[in-house]
Amino acid sequence: MANDPSLTAGEKAKIAWYAARMVKRGIAGEQVYQGDLERKVDRIIDGAQKRADKGK
């Protein structure tokens, strides 16, 4: 966690939205595919990391 980049309010809101959708899909069952949402969250975190590296 110490190496995680700081997120903007918009990024935090998007991640929270995707996490809520993952929970909803999880309720539907274990066989439901969630890889698309996981990739979106990873893409947001990667963008924040690039922004943090660029600012250094």
Side-chain angles (χ1 to χ4, degrees):
M1 287 283 185
N3 295 333
D4 291 340
S6 60
L7 301 172
T8 64
E11 290 168 339
K12 288 178 186 178
K14 286 180 184 178
I15 290 174
W17 175 255
Y18 293 140
R21 289 181 61 194
M22 284 185 222
V23 169
K24 186 176 177 184
R25 287 185 185 181
I27 291 171
E30 288 289 324
Q31 71 280 4
V32 179
Y33 181 70
Q34 295 187 13
D36 58 330
L37 297 175
E38 292 169 356
R39 278 194 312 272
K40 288 179 182 183
V41 170
D42 289 341
R43 194 175 310 136
I44 292 170
I45 293 171
D46 290 343
Q49 184 65 47
K50 286 180 185 177
R51 185 181 64 247
D53 291 344
K54 190 177 183 181
K56 287 184 180 179

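We number each residue from 1, following the sequence as shown. As the structure is a prediction and not an experimental result, all values here were calculated from the model.
By the side-chain contact (heavy atoms from CB on, under 4.5 Å) test, V41 is found to be paired with I15, Y18, M22, I45, residues two or more places apart in sequence or in another chain being considered.
For the residue pair P5 and Q49, the shortest heavy atom distance occurs at CD-OE1, 3.3 Å. Shortest non-hydrogen contact noted between T8 and R51 is CG2-NH2, 3.8 Å. Closest approach of A48 and S6 over heavy atoms only: CB-O, 4.0 Å.
Hydrophobic cluster membership is shared by W17 and I44, with clusters built from Ile, Leu, Val, Met, Phe, Trp and Tyr side chains linked at under 4.5 angstrom.
In this structure, NZ on K40 lies 5.5 Å from CZ on R21, to the nearest 0.5 angstrom.
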Show your reasoning for whether side chain to side chain contact (heavy atoms under 4.5 Å, CB included) applies to R39 and D36. CA-CA 5 Å; R39 278 194 312 272; D36 58 330; 3.8 Å; yes
